[in-house]
Asker: 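Quick one: the structure is below, and I'll ask about it shortly.
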Amino acid sequence: MSDQGPKPAPLLKPAQPRIGGRPGGCAACAVRGLTVCAPLDPGGLVEIETLSTTLTLQAGEGLFDEGESADHVFNVTEGCLKIFKLLPDGRRQVTGFLFSGDFLGLANAELYAYSAEAVSEVRLCRFQRRKLDGFLGRHPEVERRLLSKASHELAEAQEQMLLLGRKTAKERIASFLLLLARRAANRGEADDPVPVPMSRTDIADYLGLTTETVSRTFTKLKTEGTIRLLPQGLVQLSRREELEEIAGVV
């Protein structure tokens, strides 16, 4: 987790992501159990593999911009993405962070409603939206999986509204760290120390704070012994119960 992140700026056309094959195929995907592909039998996996290509993005590269034609949808298989909107006054609101197993790009409209950018190196499966619609018609179990993921996204959006509307800076940071820990555990990864790959500016734009406030709050939690800041963007939850008390977890 860096002390300073990039300043919000007008979006530039992102570099083209690298497109490649999928070593071992979908059946060998290490995170398949987390993705929308989890319910598929071997025949279904072969079918969906013919519909997808793999992409690799480096940190800071854009996947798509708000307002672009929503021709593709994506499944994250490695790394972290942020999704965000630019406000009319030029400010940026980060609306979420996506990790392995998360799906993005589905839209009722013909255009993407937000922008997506890699926080770390990211690998994704890309599907043409039109072809995936046909696949879902033949595989309702995958459609049900997508609906389940959409309900989880709605719950997280509601949680973010609570963070922005009712909590102090310290409560927001504590809640954010516990959210990341919970999501890591759901992916089958260690939740302490918790990986925090995003910059403090990204965190500020997600929590409705300034970068300086985020930095001061992390320092205060560290000084109090509630957390430890470790190398490689890891945060140890040294006093988890105290952190949960600050966040208002019951």
Side-chain angles (χ1 to χ4, degrees), residues 1-9 59-60 79-87 89-100 102 114-120 151-250:
M1 180 176 58
S2 61
D3 287 344
Q4 297 293 334
K7 298 295 184 183
C80 176
L81 281 164
K82 63 189 173 195
I83 55 176
F84 62 93
K85 295 179 71 71
L86 289 180
L87 305 179
D89 60 5
R91 291 179 298 159
R92 183 185 67 170
Q93 176 66 56
V94 174
T95 57
F97 296 101
L98 306 179
F99 297 89
S100 298
D102 287 331
Y114 52 81
S115 300
E117 182 182 297
V119 170
S120 61
S151 68
H152 286 300
E153 290 176 5
L154 179 59
E156 287 191 0
Q158 292 171 335
E159 185 170 347
Q160 189 193 18
M161 289 174 64
L162 175 63
L163 285 176
L164 296 179
R166 296 287 184 179
K167 296 193 173 187
T168 66
K170 191 175 184 180
E171 291 168 342
R172 294 183 198 190
I173 296 296
S175 298
F176 178 68
L177 290 173
L178 291 170
L179 170 65
L180 292 182
R182 184 169 69 248
R183 294 189 65 184
N186 290 341
R187 297 193 302 273
E189 301 173 1
D191 66 349
D192 192 9
V194 59
V196 185
M198 58 288 297
S199 71
R200 295 189 182 184
T201 295
D202 287 340
I203 296 171
D205 289 346
Y206 179 69
L207 297 178
L209 302 170
T210 65
T211 303
E212 293 74 17
T213 298
V214 170
S215 296
R216 286 197 304 268
T217 306
F218 269 99
T219 299
K220 184 173 184 180
L221 289 170
K222 175 186 174 184
T223 301
E224 293 171 349
T226 309
I227 64 172
R228 289 182 61 208
L229 303 181
L230 305 177
Q232 299 180 333
L234 296 174
V235 177
Q236 185 174 53
L237 311 183
S238 304
R239 299 178 182 171
R240 191 168 188 140
E241 289 186 0
E242 186 174 323
L243 202 66
E244 290 173 346
E245 184 176 345
I246 293 170
V249 174
V250 294

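Start at 1 with the first residue, then count along the sequence. Predicted, not measured: the structure shown is a model, and the values here were computed from it. The figures that follow rest on heavy atoms only: side chains count, while hydrogens, waters and symmetry mates do not.
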Asker: Considering only heavy atoms from C-beta outward, does the side chain of Asp102 approach that of Arg183 to under 4.5 Å?
Answerer: yes
Asker: What residue pairs, at least two apart or across chains, pass salt bridge (charged side-chain N to carboxylate O under 4.0 Å, His left out) with a residue in residues 224-237?
Answerer: Lys170-Glu224
Asker: Take atom CD of Glu245 as the centre, draw a 6.0 Å sphere, and report whether it contains more than 12 heavy atoms from other residues, nucleotides or ligands.
Answerer: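 No, because the 6.0 Å sphere around CD of Glu245 holds 12 heavy atoms or fewer from other groups.
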Asker: Rounded to the nearest 0.5 Å, what's the gap from CZ on Phe176 to OG1 on Thr217? Could you check?
Answerer: 13.0 Å
Asker: Rounded to the nearest 0.5 Å, what's the gap from CG on Leu243 to OG1 on Thr226? Could you check?
Answerer: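 The CG atom of Leu243 sits 6.5 Å away from the OG1 atom of Thr226.
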Asker: Sequence neighbours left out, what passes salt bridge (charged side-chain N to carboxylate O under 4.0 Å, His left out) with Arg182? Give chain and number order.
Answerer: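 With neighbours one apart ignored, the set is Glu159.
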Asker: Compare every heavy atom of Leu179 with every heavy atom of Tyr206, then report the nearest pair and how far apart it is.
Answerer: OH-CD2, 3.9 Å
Asker: Just by distance, do the side chain of Arg200 and the backbone of Phe218 share a donor-acceptor pair under 3.5 Å?
Answerer: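 No: the side chain of Arg200 does not pair with the backbone of Phe218.
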Asker: Please walk me through it: do Asp192 and Gln236 pass side chain to side chain contact (heavy atoms under 4.5 Å, CB included)?
Answerer: CA-CA 6 Å; Asp192 192 9; Gln236 185 174 53; 3.6 Å; yes
Asker: On a heavy-atom basis, which atom in Glu171 and which in Ile246 lie closest, and how many Å separate them?
Answerer: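 Scanning both residues, the minimum pair turns out to be CG-O, 3.2 Å.
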Asker: Using atom types as modelled and distance alone, determine if a side-chain donor or acceptor of Ser120 lies under 3.5 Å from a backbone N or O of Cys80.
Answerer: yes
Asker: Could you tell me if the side chain of Val235 sits less than 4.5 Å from the side chain of Pro193, heavy atoms only?
Answerer: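 Heavy-atom side-chain distance check fails, nothing below 4.5 Å.
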Asker: Output, in order, the C-alpha distance, side-chain angles, deciding distance and verdict of salt bridge (charged side-chain N to carboxylate O under 4.0 Å, His left out) for Asp202 and Arg92.
Answerer: CA-CA 9 Å; Asp202 287 340; Arg92 183 185 67 170; 2.9 Å; yes
Asker: Of the options Leu180, Val119, Leu81, Asn186, which is the one that meets Phe99 in a side-chain contact (heavy atoms from CB on, under 4.5 Å)?
Answerer: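 Of the listed residues Leu180, Val119, Leu81, Asn186, the side-chain contact (heavy atoms from CB on, under 4.5 Å) partner of Phe99 is Leu180.
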Asker: According to side chain to side chain contact (heavy atoms under 4.5 Å, CB included), who are the partners of Ala181, at least two apart in sequence or on a separate chain?
Answerer: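 So Ala181 forms a side chain to side chain contact (heavy atoms under 4.5 Å, CB included) with Asp191, Val194, Leu237, Arg240.
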Asker: Considering all heavy atoms of both residues, which atom of Ile203 and which atom of Met198 are nearest to each other, and what is their separation?
Answerer: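 Ile203 and Met198 have their closest heavy atoms at CG1-CG, 3.5 Å.
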Asker: Taking atom types as modelled and ignoring hydrogens, do the side chains of Arg172 and Ser175 form a donor-acceptor contact shorter than 3.5 angstrom?
Answerer: no
Asker: Under 3.5 Å, side chain of Gln93 to main-chain N/O of Asp205, donor-acceptor pair present?
Answerer: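 Pair found, side chain donor or acceptor close to backbone of Asp205.
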Asker: Give the C-alpha distance, both sets of side-chain angles, the deciding distance and a yes or no for side chain to side chain donor-acceptor pair (under 3.5 Å) between Thr213 and Arg216.
Answerer: CA-CA 5 Å; Thr213 298; Arg216 286 197 304 268; 3.3 Å; yes
